[in-house]
2 protein chains.
Amino acid sequence: MSAKPPAGSSVTSYDVARRAGVSQSAVSRAFRPGASVAPDTRDRIMAAARALGYAPNAIASGLITKRSHLAAIIISNLTNLYYPEVLAELTQRLSARGMRVLLFTLAAESDVDDMLDQVWRYRVDGAIVAARLSDAQLAQFADRGVPVVLYNRIGDAAPVASVCFDSGSGARALVDGLVAAGHRDFAIIGGPADSYVGEERVRAAAARLGHHGFDARLERGTFDHASGALAFRTLAATGLPDAVIAANDVMAIGAIDSARRDFGLAVPGDLSVVGFDGVGPATWHAYQVTTVRQPVRRMTDAAVAMLMERIETPGQTPEQRLFAGEILTGASARLKVTA
Amino acid sequence: MSAKPPAGSSVTSYDVARRAGVSQSAVSRAFRPGASVAPDTRDRIMAAARALGYAPNAIASGLITKRSHLAAIIISNLTNLYYPEVLAELTQRLSARGMRVLLFTLAAESDVDDMLDQVWRYRVDGAIVAARLSDAQLAQFADRGVPVVLYNRIGDAAPVASVCFDSGSGARALVDGLVAAGHRDFAIIGGPADSYVGEERVRAAAARLGHHGFDARLERGTFDHASGALAFRTLAATGLPDAVIAANDVMAIGAIDSARRDFGLAVPGDLSVVGFDGVGPATWHAYQVTTVRQPVRRMTDAAVAMLMERIETPGQTPEQRLFAGEILTGASARLKVTA
DNA sequence: CTGTTAGCGCTTTCAA
DNA sequence: TTGAAAGCGCTAACAG
């Protein structure tokens with residue numbers, strides 16, 4: 001195993017240099033891939049480094065190279081079942097490209113400006129944002145020259161690079177299937193009004209229903225189970241719908257639970273419920289939600305690729321990439337697929 | 001709004017000093033709480049800083065103070081429903097104490113040593129580990145003088161500071177309740193054999209059953225839904241049990257789904273199923289898992305407090321804190337509570 | 001290929 | 001209370 005380091009302070013490249021009988025800059029080179037170092041010199045250096053437990057100080061090198069190899073990931077509500085997978089994927093992909101992840105989560109009461117201040121202090125090379133930031137806050141990234149990619153958000157004021165799920169096509173497919181199967185009384189359970197994806201799903205579904213000559217009642221939730229159930233009860237108070245389109249799977253599940261428990265409805269016998277995202281629990285036997293799955297792998301891959309491009313070549317145009325989903329036919333809705 | 005910074009390179013304390021008509025060290029002091037700066041000098045400096053969009057470079061200050069204000073959080077499988085909440089809580093609590101989070105997730109195939117190398121390079125002030133590291137890997141933290149707190153793990157070889165859920169008392173209470181309610185044929189769905197909490201739950205449940213004069217068949221899963229369902233099918237192949245103790249809620253749900261779908265059993269009529277953790281979906285109407293809830297808030301609070309103590313005062317004894325859970329009475333099991 | 005040298009942006013004595 | 005000066009550990013020309 002590695003020998004004890006000088007107990008207390010951390011080992012520097014000078015320590016390694018002394019032990020290997022070379023200059024400090026030789027040590028620096030030995031750790032830079034593609035630097036010109038004689039093979040046996042490098043071996044001697046690496047042996048010395050290993051013996052001392054030396055690891056290059058990324059803090060110090062970042063100071064001079066102006067590359068921290070740090071990417072900020074800013075996520076609002078990790079408790080949304082959909083985000084853990086996204087975070088895990090992003091982290092792994094960034095890691096594979098030599099970047100470390102500085103994680104920022106936003107509590108409901110948290111001060112976003114304080115958080116951004118920390119982002120600036122750490123001189124991150126870039127950021128991936130899956131949280132609602134104001135236009136002014138978003139503008140700071142541009143002002144400071146920090147590349148940023150929005151995830152399932154778009155820049156309202158100035159255009160910003162972003163990766164988004166195209167809920168529209170999925171919403172239309174779901175609506176078409178529900179209409180073809182003979183549903184007549186539609187209800188939509190939306191997300192908070194300031195949620196980009198939530199609104200898009202509501203808009204697209206409503207528009208497509210309109211196209212078919214139907215309209216829908218709308219109730220809003222907060223993307224969690226309880227709010228889905230509550231929204232369904234509220235809707236039911238003015239008459240039971242025969243089809244519910246929820247803006248995400250968890251609210252769809254909440255609605256199913258309420259329909260069964262509070263109203264004794266059979267799903268999908270009496271009521272069809274569809275959702276969005278394709279989270280794990282949506283496939284569980286008791287729910288089997290018919291939903292539109294987001295291609296999380298492809299989306300996170302794109303987000304990281306776009307970020308890295310912008311870090312390596314500043315001044316790229318603010319591309320916006322859209323990803324269509326795939327209908328996951330569950331058992332929570334009677335759907336007639338018009339192929 | 002803030003004026004444009006010098007377009008391109010980032011603003012330094014020298015820029016601020018020049019604009020405020022003071023020395024660079026005055027700027028440095030102005031940003032250190034409790035440093036001796038005249039109030040009006042500080043105001044001038046802050047005004048200049050704001051105008052230039054200056055944020056102190058944490059990378060540079062870390063180099064000299066030897067405090068990066070970075071804490072590594074190392075988590076193995078974020079997709080385990082239980083971890084996102086833990087991660088969110090840890091991040092917020094660390095943030096409240098002026099620490100930033102450097103996140104490391106472990107993919108199944110990922111090289112732990114490479115990951116640790118990155119941890120060392122960033123000179124983190126400390127780490128919270130919710131992943132299985134080898135004794136040798138754990139030992140490196142001590143060798144390098146990096147404080148570490150284990151989360152739901154313990155140090156096998158050398159003692160390490162840790163925060164753990166005491167599954168034992170919960171397991172015993174569950175078993176007592178199941179036995180009192182008249183169950184006779186017990187099965188346990190455990191986690192992977194190398195999971196600390198998983199094993200503790202299995203051991204405690206088996207021991208308590210033994211104490212009551214029962215034994216239990218054991219099948220192992222991987223903490224996910226599919227493995228819970230599979231384990232139940234495997235158990236059922238050698239006879240249907242009348243009580244299943246699963247090492248976590250998600251496997252309990254998997255077992256319930258399999259029992260209902262594959263064997264037409266009523267839960268809890270024909271079969272009682274209990275779990276551990278108290279994750280959100282466990283309370284959903286279709287499952288309502290009777291479980292032992294981990295006190296995540298108190299545990300994350302303790303983990304962060306212990307870490308900060310060790311960062312601020314090195315050389316503390318390796319305390320181990322245990323937290324008991326609370327039985328959440330659902331509707332997935334017939335339980336007679338012997339108060 | 002290797003060593004020398006000059007900083008990166010900041011904190012911290014030490015004098016004034 | 002303030003400024004000057006010396007680094008923190010490293011990278012990056014530039015000579016040799």
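All heavy atoms count here, side chains included; hydrogens, waters and symmetry mates do not. Computed from a predicted structure; not experimentally measured. Here is how names work: the chains are called A, B, and so on, in the same order as the sequence lines, proteins then strands, and each is numbered from 1.
- In this entry the distance linking CD1 of B:Ile59 with P of D:dT11 reads 14 Å, nearest Å.
- Heavy-atom neighbours of A:Arg297 CZ from other residues, nucleotides or ligands within 6.0 Å: at or below the threshold of 12.
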Tabulated below should be each protein N or O lying under 3.5 Å from an N or O of nucleotides 12-16 of chain D; please produce it.
from   : atom 1 : to      : atom 2 : distance (Å)
D:dA13 : N6     : A:Arg29 : NH2    : 3.3

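- Under the 3.5 Å distance criterion, with hydrogens and angles disregarded, no donor-acceptor pair is assigned to the side chains of B:Glu85 and A:Thr79.
- Between B:Ser36 and the phosphate of D:dT1, there is a side-chain N or O to OP1/OP2 separation shorter than 4.0 Å.
- Here the side chain of B:Val22 is nearest to one of C:dC10, C:dC1, D:dG3, namely D:dG3.
- The CG atom of A:Asn57 sits 14 Å away from the C1' atom of C:dG9 (whole-angstrom rounding).
- OP1 or OP2 of C:dG3 lies within a sub-4.0 Å distance of a side-chain N or O belonging to A:Ser23.
- If you run side-chain contact (heavy atoms from CB on, under 4.5 Å) between B:Met299 and each of B:Leu90, B:Val163, B:Val86, B:Leu322, only B:Val163 comes through.
- One side chain, A:Thr300 or A:Arg93, offers a donor N or O that lies under 3.5 Å from an acceptor on the other.
- B:Tyr54 comes within 4.0 angstrom of the backbone, heavy atoms only, and of no base.
- Nearest-nucleotide positions on DNA chain C place A:Thr41 closer to the 5' end than the other of A:Thr41 and B:Leu63.
- When the P atom of C:dC8 is taken as reference, atom NE2 of A:His69 falls 19 Å away, rounded to whole Å.
- Residue contacts for A:Val37: at a heavy-atom cut-off of 4.0 Å it reaches the sugar-phosphate backbone alone, with no base atom in range.
- Note that the CZ atom of A:Arg18 and the CG atom of A:Leu52 stand 9.5 Å from one another [nearest 0.5 Å].
- Among D:dC10, C:dT2, C:dG3, the nucleotide with an atom closest to any side-chain atom of A:Ala60 is D:dC10.
- The CZ-P distance, from B:Arg67 to C:dT12, rounds to 12 Å in whole Å.
- The side chain of A:Ala38 lies closest to C:dC1 when the candidates are C:dG3, D:dT2, C:dC1.
- One atom, CZ of A:Arg44, and another, P of C:dG3, lie 8 Å apart when rounded to the nearest Å.
- When rounded to the nearest whole Å, the span between CZ of B:Phe31 and P of C:dT12 equals 16 Å.
- Within the structure, every side-chain polar atom (N or O) of B:Lys66 is placed at least 4.0 Å from both OP1 and OP2 of C:dT11.
- Taken to the nearest 0.5 Å, the CE atom of B:Met46 stands 9.5 Å off from the OH atom of B:Tyr54.
- Of the possible polar contacts, one joining the A:Arg144 side chain to the B:Gly53 backbone as a donor-acceptor pair under 3.5 Å is found.
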